[in-house]
Protein chains: 4
Amino acid sequence: MKKREAPPEDGPLRADAARNRERVLAVARELLARGDSSLQMNQIAREAGVGVGTVYRHFPARQDLLEALVNEHLEALLDKAHAAEASEEPWSSLRRFLRAALDLQLADIGLAEILNAPRDAHARTSQLKAELFATSGRLLERAQRAGVVRPEVGAEDIQRLMCGIEHAVRIGGGERRVVSERYLIILLDGLRPTSG
Amino acid sequence: MKKREAPPEDGPLRADAARNRERVLAVARELLARGDSSLQMNQIAREAGVGVGTVYRHFPARQDLLEALVNEHLEALLDKAHAAEASEEPWSSLRRFLRAALDLQLADIGLAEILNAPRDAHARTSQLKAELFATSGRLLERAQRAGVVRPEVGAEDIQRLMCGIEHAVRIGGGERRVVSERYLIILLDGLRPTSG
Amino acid sequence: MKKREAPPEDGPLRADAARNRERVLAVARELLARGDSSLQMNQIAREAGVGVGTVYRHFPARQDLLEALVNEHLEALLDKAHAAEASEEPWSSLRRFLRAALDLQLADIGLAEILNAPRDAHARTSQLKAELFATSGRLLERAQRAGVVRPEVGAEDIQRLMCGIEHAVRIGGGERRVVSERYLIILLDGLRPTSG
Amino acid sequence: MKKREAPPEDGPLRADAARNRERVLAVARELLARGDSSLQMNQIAREAGVGVGTVYRHFPARQDLLEALVNEHLEALLDKAHAAEASEEPWSSLRRFLRAALDLQLADIGLAEILNAPRDAHARTSQLKAELFATSGRLLERAQRAGVVRPEVGAEDIQRLMCGIEHAVRIGGGERRVVSERYLIILLDGLRPTSG
DNA sequence: CATGAATGAGAATTCATTCAT
DNA sequence: TATGAATGAATTCTCATTCAT
């Protein structure tokens, strides 16, 4: 469990280094997409056609690789959140955001892991998570003020419940799009304030 | 993929064998409770103070151990389901059953795994799962006939959603009882038919 | 029965890799010479002063190691066979070949095992065996056409009988060279056509 | 490698003990006949329907079991040798004896092992082996005096060569009876004195 | 910087033998 | 005396990580 130095992030990478980095990321993405979230360094190196050492140079630990991979989806998700915030309707914007979030989580098996990780390898990740958390919190509160979401749930609950729905979709069969839509609707209905 | 013989289950165990078996089960239970579901034979043997061979004698594979551990909870859950069936109120009996299920799943990290496993090591497990599935299906249908649950969900959906809620509770902090109760309520409300 | 990748045999090995490979082979050879044909990976690693992983990298299975060890002897034997074929005298060339074969088989306890193995790990081995079989078959037939070997024996019989002689030499004491020479003469005389 | 006490051989066995002993022997015989000469105590016990301890009580080591099994064949072989000795023709009696020996060795995979073992577990075995060795020696010498066997071979050579032939028969295919007869003829012809 | 061979701890599994019942 | 559960050393094999080239 020895600590390695952080990868040099100062200057722009040399052309070949950048190419290798991209290859590694591409392979890792591919593996996640195939549902293999083990991210074994040797396997990645082999499939990327680089040495293991190269993978370790760019990503000293599995977590670094995972964050690099997930961050772009995190950014995409943050964009969705901001877009939702720009909309006028508290409820439908929240719904749209959660739908997008669920799609992304299902497409990227590492996203939930990063969202739930207690600590991050890179400040960038922490920052993105914090922003995302804040924005979804505002979306939620707006909906609560409008009386369309039960008042006792918080942003963290939403995140956890979304990961729960993702899990429910993953563990079984059926057409992904259809199932995830059905389960999301159940969650959304459950979030509505108790009528009466 | 060599086939092992089933562990001898015929007669009552000898006193010392029974004691060791219990020790192994106790350690395994403890490990699951600590959240470690890897159930490594060496580790279990070491912590139980028995030889590895002893663990293998009683439980030739991880799956056998897991099922032995889970089956008693599965039976308890089935009892709850039958009790719920005996009740008159479609909705509250379903709710009571799901509450019990969630509590058990949270207490036993292996329960969900067994519930979702595509195949079982022991016929007993398959039988219990089938009975449980059938009973919860009847509970669900009764509630649907009474118009208190949306008609498009099936017993499998309920199981998957419950595992999702379990997951949501596990991945975060907070007082387990409180959090699980809150999330369950959201799920239950979500299962109600769309009013209007 | 998982398939492993073949050990990389393409380019020339790195200096240290080659050194380790040689060490492993040397130890394995030594073990065979000592009469231990079990070729246990950890024992070899220990005696060679390398990690187990290194042995596995070079030789994923016992069979690979054995074939690597034996192939050079197989090649030497094939050379002998070709040399014998180049000679003019049917009988003495066959005798010379079988003498060489017996010497090699006695020097390398793995040779007979590979010769009798129903399948090989490497194509190279199969190829060598096939060539050897064909060549010894031609030597045999030539001797049969010359009327100096009984007609009903085939190349396979010769191989089996030679392994039998090897076995006879191994199971007892006495000066190896002397005993093997005596037994070989008995076999050779036995192969002559029945006079009368 | 701790030494166990010899099994009590004094009095006649109790009826049930004798029955168990026979069961064990029967199973072991069966296993040898199937070509499995590993004689694993647990396996034997299981198939015999007795506890391992029982097997160990009767046969403290694999060698004891093997000898018990083989001794009756050894006795049969000795009978053949004596019968051969009683015959008048030096050559055909030797031939008949060796044929019988080869048949027995092929039928009992343990026979050769006992014959070649440097030391025996039971005096009875040593005695049988010595008698057999002496008798075959006399058969051999008679044939040599008659000038029908080359003078430089001894009883030990015959034994080793016979084991070699057995080995040659075992390692390949073909009809056992046919192959063993063919190889035996080659050996017998090879044993004849060099004509001229 | 890149490479990939080497490392070695650790997990799974088997089996001969012992010993409590 | 019989039983068979228990033992644990021995073996195979994997993989994250290091480091010589």
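By convention in this document, chain letters (A, B, ...) are assigned in the order of the sequence lines, proteins followed by strands, and residues within each chain are numbered from 1.
Here F:dT17 presents its C1' atom at 17 Å from CD of A:Q63, a figure rounded to the nearest Å. Between the CD1 atom of D:I44 and the P atom of E:dC15 there is a distance of 13 Å, rounded to whole Å. The distance between atom CG of B:L65 and atom P of E:dA12, rounded to the nearest whole Å, is 11 Å. Rounded to a whole Å, the CZ atom of B:F59 is 19 Å from the C1' atom of E:dT14. Going from atom CD of A:Q43 over to atom P of F:dT14 covers 14 Å, rounded to whole Å. B:D64 places its CG atom 14 Å from the P atom of E:dA12, with the value rounded to the nearest Å. Computed from coordinates, the C:D16 CG to E:dT3 P distance equals 17 Å when rounded to whole Å. Taking atom CG of residue D:D36 and atom P of nucleotide E:dC15, one finds them 11 Å apart after rounding to whole Å.
The phosphate of E:dA5 has neither OP1 nor OP2 within less than 4.0 Å of any side-chain N or O from C:T54. Checking the phosphate oxygens (OP1, OP2) of F:dT1, no side-chain nitrogen or oxygen of D:H58 falls inside 4.0 Å. Applying the 4.0 Å criterion to OP1 and OP2 of E:dA2, one finds that A:N20 has a side-chain N or O inside that range. An OP1 or OP2 oxygen of E:dC1 is reached within less than 4.0 angstrom by no side-chain nitrogen or oxygen of A:R57.
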With a 3.5 Å cut-off and sequence neighbours excluded, list the donor-acceptor pairs that the side chains of residues 37-48 of chain C form with protein atoms.
{"residue": "C:S38", "atom": "OG", "partner": "C:D36", "partner atom": "OD1", "Å": "2.6"}
{"residue": "C:E47", "atom": "OE1", "partner": "C:R34", "partner atom": "NH2", "Å": "3.2"}

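With the nearest nucleotide of DNA chain F identified for both B:V55 and C:R62, B:V55 has the one nearer the 5' end. The residue among C:L39 and D:R23 whose nearest nucleotide of DNA chain F lies closer to the 5′ end is D:R23. Map B:R46 and C:R19 each onto its nearest nucleotide of DNA chain E; the residue landing nearer the 5' end is C:R19. Both B:M41 and C:V52 lie near DNA chain E, and the one whose nearest nucleotide falls closer to the 5' end is C:V52.
Test B:T125, B:I114, B:L111 against B:L66 for side-chain contact (heavy atoms from CB on, under 4.5 Å) and you get one pass: B:I114.
For C:D64 (side chain) and C:A61 (main-chain N/O), a donor-acceptor pair under 3.5 Å exists by modelled atom type.
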Can you run through DNA chain E from 5' to 3' and write each base as (, ), [, ], | or . depending on how it pairs? Watson-Crick or G-U wobble, both distances under 3.5 Å. .||||||||||||||||||||
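Counting only residues at least two apart or in different chains, side chain to side chain donor-acceptor pair (under 3.5 Å) contacts with residues 111-120 of chain A comprise A:R62-A:E113, A:D120-A:S126, A:D120-A:K129.
In this structure, D:N42 reaches the bases: a heavy-atom distance under 4.0 Å links it to at least one base atom across the strands shown. Using a 4.0 Å heavy-atom criterion, one finds that B:V50 contacts the sugar-phosphate atoms exclusively.
In this structure, the nucleotide among E:dT7, E:dT14, F:dA2 sitting nearest to the side chain of D:A17 is F:dA2. Among E:dA12, F:dC13, F:dT7, the nucleotide with an atom closest to any side-chain atom of C:Y56 is F:dC13.
Atom CD of D:Q105 sits about 11.5 Å away from atom NE2 of D:H73, to the nearest 0.5 Å. In this structure, the separation between CG on C:L32 and CG on C:L65 is 7.5 Å, given to the nearest 0.5 Å.
Counting heavy atoms from C-beta on, the side chains of C:T54 and C:R21 never come closer than 4.5 Å. Two residues are said to be in side-chain contact when any heavy atoms from C-beta on lie closer than 4.5 Å; A:R29 and A:E72 meet this criterion.
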